[in-house]
K.L.:
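Got a structure for you, written out below as structure tokens; questions coming shortly.
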Amino acid sequence: MTYIDDILQRGADGGRISADEALLLYTEAPLHPLGEAADAVRRRRYPDGVVTYLIDRNINYTNVCVTACKFCAFYRAPKHSEGWSHSLEEILRRCGEAIDLGATQVMLQGGHHPEYGVEYYETMFSAVKAAYPGLVIHSIGPSEIMHMARVSNVSIEEAVGRIKAAGLDSIAGAGAEMLPTRPRHAIAPLKESGERWLEVMEVAHGLGVESTATMMMGTGETNAERIEHLRMIRNVQDRTGGFRAFIPWTYQPENNHLKGRTQATSLEYLRLIAVARLFFDNVNHLQSSWLTTGKDVGQLTLHMGVDDLGSIMLEENVISSAGARHRSNLHELIWLIRSAGRIPAQRDTLYRHLRVHHTPADDPTDDRVRSHVSSIAMPSRALPLVSAS
Ligand code: SF4
């Protein structure tokens, strides 16, 4: 048995592998044994063979942002003629429309608007909860929390406590990008450090607000920096247990200041997925991003350790502004899962199965549930997701 075989076996059996070992697997392990070891972890964790998906809607309340990340094609600086903010009525209308299509969750996310402090988020979250008590608010991220705390001149603890009281259920893992200092500073020099991003998550977890964690690959980071990103998250998870899932995705290169820089290849993505499943012995779920990598690669990840294919994306504007063109619908997402040899199931935010589609006869029939991506959130183009015809 080679050293790599030994690490793969230990990871597959649920043992802990070090960051150095993860880097060795990422760069040297043959693809098929790597994927098989990661899939063994999935089988052990989820022996029912179920792969989940979610129906939710990303609602962006503003594109005005003072942070100017170089990879971002979504934001506009304050006073820019293309800057916009949605009214509370429009946000509520979009929530209601999502519920009509079966959404169980909203992801409210937006730029760092210079005037949006804790009070703004309290008003928004409490209004959503008042109108739709059953809708889960899995929203914002540590960057928005730091920004609102700064605007309102309060501590992170107070900011999190207040928005939790207003209705925030859990925090999205957005804004992680690359956590190590060098690549993070290169792409988002005005954003908080990776350590600070994790500190805010740790505070939130301590206050009972759980989250997911993400990673954006492909802006010029090294292999070692990719693994360091995983290590930083695992260290916090050892203390808090508050990360429900890890969700890596690939940088999209259009309409931003990094245009033309490297992208992660499909193989790099698949290898990272598999290594993440082996490395994160303390994170329950692994979600892949069909939106950025494409549906074919998304389906392949189901054989590399992934147990969740994420959302149908009733609305998405941020990543699609940078070039993500992939769309899907409920039937197709279910078909991708089933034809990969898994049992599709709709889940809620807590990964509880809402509907298990054992056979095609169990499949939903609502063909209105499909992706709407890119620019539809502009005020001048009020959707609707469902045509009147
Ligand atoms: S990624 Fe977020 S924080 Fe960065 S510029 Fe875009 S909207 Fe602003």
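Order of appearance sets the numbers: ligands from 1, and atoms from 1 within every ligand. Since the model is a prediction, treat every value here as computed from it, not as a measurement.
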K.L.:
With atoms numbered from 1 as shown, which atoms in ligand 1 lie under 4.0 angstrom from a non-hydrogen atom of H112?
P.N.:
3 (S)
K.L.:
Heavy atoms only, cut-off 4.0 Å: how does A68 contact ligand 1, side chain, backbone, both, or neither?
P.N.:
backbone
K.L.:
Is there an N/O/S atom in C65 that lies less than 2.8 Å from atom 8 (Fe) of ligand 1?
P.N.:
yes
K.L.:
State which residue, out of D308, D56, D307, fulfils the salt bridge (Lys or Arg N to Asp or Glu O under 4.0 Å) condition with R347.
P.N.:
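It is D308; the other options fail the test.
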K.L.:
Which residue, Q105, R244, H138, E210, forms the side-chain hydrogen bond (donor to acceptor under 3.5 Å, both in side chains) with T349?
P.N.:
Q105
K.L.:
Quick one: sort the Y61 and Y121 rings into parallel, tilted or perpendicular, breaks at 30° and 60°.
P.N.:
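Perpendicular.
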K.L.:
Side chains of I334 and P364: closer than 4.5 Å at any heavy-atom pair?
P.N.:
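Heavy-atom side-chain distance check passes, below 4.5 Å.
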K.L.:
Using heavy-atom distances, let me know which of M216, K191, E192 sits nearest atom 1 (S) of ligand 1.
P.N.:
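Checking each option, the heavy atom nearest atom 1 (S) of ligand 1 is found in K191.
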